[in-house]
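For reference, the structure is listed below as structure tokens.
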Amino acid sequence: MNLKRRTSEKNKQLRLPHTDPHFYEKVSEQIISWFPAVPREYVAIFIGTDRSTGDALGPLAGTFLSEKEPKYMSIYGTLHHPIHATNLEISMDTIKRRHKNPYIIAVDACLGKTTSVGDIITGLGPLKPGAALNKPLPPIGDVHITGVVNISGFMEYNVLQNTRLSVVVDMANQIADLLDVIDQRLTYDQTLSAVVAPSKLKRSI
């Protein structure tokens, strides 16, 4: 694979509606083009909480993916064991202890323009969780996937709380299916089997 193509500016982000008929093909190819030439342990971390409809995108997608029992991706962040603002740093420490030099795919919800709601954005590099709510959290991920669940600009916390569940569930299913497609293409001998690792950390109150 051409290294220049993998790292060119124009290929550092891809945005598509989750209803795009070629969604899986286009997005999986883009994400795989960012993967390292030398295999590493692949970790998918799903950020969010089940206490907010819009912010439940991450844990929903993590739960849906865990039900598919991926072979090569380790999963952190589900509905029963969410990873959120209060336990994110501890969770990252746990991941670093369990996995040697992991390649992290970070998934989170975000807010955007009216015309962007329903879009799924994939990008090379980390995401900044909590940015919509002005929470100072560390950037996470070698690549990231964010779903635009609602409109930004005013009372973001309330907007997340009042997001339509149907939209979030549909997008979470798309993200889980996308990562399952990618997992099925990870056939490197060096890659370790997936571990669906529940967090034993406290939930947010």
Thr163 and Val168: CA distance, side-chain angles, deciding distance, side-chain contact (heavy atoms from CB on, under 4.5 Å) verdict: CA-CA 8 Å; Thr163 296; Val168 176; 3.7 Å; yes

Might you point out which heavy atoms bring Leu14 and Lys26 nearest each other, and give the distance in Å? CD2-O, 3.8 Å

Indicate the atoms forming the closest heavy-atom contact of Pro17 with Asp119, along with that distance. CA-OD1, 3.5 Å

Check Asp177 with Lys68, please: is the shortest side-chain N to carboxylate O separation under 4.0 Å? yes

Give a yes or no on whether the backbone of Ala106 and the side-chain of His144 come within a donor-acceptor separation of less than 3.5 Å. no

Measuring from atom CD of Glu41 to atom OH of Tyr72, what distance do you get when rounded to the nearest 0.5 angstrom? 13.5 Å

For His99 and Ser74: C-alpha separation, side-chain torsions, deciding distance, then whether side-chain contact (heavy atoms from CB on, under 4.5 Å) applies. CA-CA 9 Å; His99 305 277; Ser74 298; 3.3 Å; yes

Looking at Glu89, I'd like to know if its CD atom is crowded, meaning that more than 12 non-hydrogen atoms belonging to other residues, nucleotides or ligands lie closer than 6.0 Å. no

Run Met92 and Arg97 through side-chain contact (heavy atoms from CB on, under 4.5 Å) and show every step you take. CA-CA 9 Å; Met92 290 305 300; Arg97 288 198 307 270; over 6 Å; no

Atom CD1 of Ile145 and atom CG of Leu57: how far apart are they, to the nearest 0.5 Å? 10.0 Å

So, His81 side chain and Tyr76 main chain: donor-acceptor pair closer than 3.5 Å or not? no

Which heavy-atom pair separates Ala56 from Asp50 by the least distance, and what is that distance? CB-CA, 4.3 Å

Is any side-chain heavy atom of Leu111 closer than 4.5 Å to one of Ile151? no

Say whether, by atom type as modelled, one donor and one acceptor occur between the side chain of Asp108 and the main chain of Pro129 under 3.5 angstrom. no

To the nearest 0.5 angstrom, please state how far the CG atom of Leu79 sits from the OG atom of Ser66. 9.0 Å

To check you understand the geometry: which heavy-atom pair defines the closest contact between Tyr103 and Trp34, and what is its length? OH-O, 2.9 Å

Which atom names give the shortest non-hydrogen contact between Pro70 and Leu65, and what distance separates them? CD-O, 3.3 Å

State which residue, out of Leu124, Thr122, Leu127, fulfils the side-chain contact (heavy atoms from CB on, under 4.5 Å) condition with Val143. Leu124

Decide yes or no for Ile175 and Ile120: does some side-chain heavy atom of the first lie under 4.5 Å from some side-chain heavy atom of the second? yes

Would Leu60 and Met171 satisfy side-chain contact (heavy atoms from CB on, under 4.5 Å), going step by step from the backbone distance to the final call? CA-CA 9 Å; Leu60 273 169; Met171 294 175 72; over 6 Å; no

Check whether the ring centres of His84 and Phe46 lie less than 6.0 Å apart, and answer yes or no. no

Taking all non-hydrogen atoms of both residues, which atom of Ile83 and which atom of Gly77 are closest, and how far apart? CD1-N, 3.8 Å

Residue pair Tyr24, Gln174: steps toward the side-chain hydrogen bond (donor to acceptor under 3.5 Å, both in side chains) verdict: CA-CA 8 Å; Tyr24 299 121; Gln174 289 289 94; 2.5 Å; yes

From Thr146 OG1 over to Ile121 CD1, what is the distance, rounded to the nearest 0.5 angstrom? 4.0 Å

Answer whether the closest heavy-atom distance between the side chains of Asp55 and Val149 falls below 4.5 Å. no

Interatomic spacing from CG in Leu16 to CD in Glu25 - rounded to 0.5 Å: 11.0 Å

Following the transitive rule for hydrophobic clusters with a side-chain heavy-atom cut-off under 4.5 Å over Ile, Leu, Val, Met, Phe, Trp and Tyr, establish whether Val181 and Phe23 coincide in one cluster. no

Determine whether Leu88 and Ile140 make a side-chain contact, defined as any pair of heavy atoms from C-beta on separated by less than 4.5 Å. yes

Distance from Asp170 atom CG to Arg164 atom CZ, nearest 0.5 Å? 9.0 Å

Test your reading of the model: is there a side-chain donor-acceptor pair from Ser116 to the backbone of Gly112, 3.5 Å cut-off? no

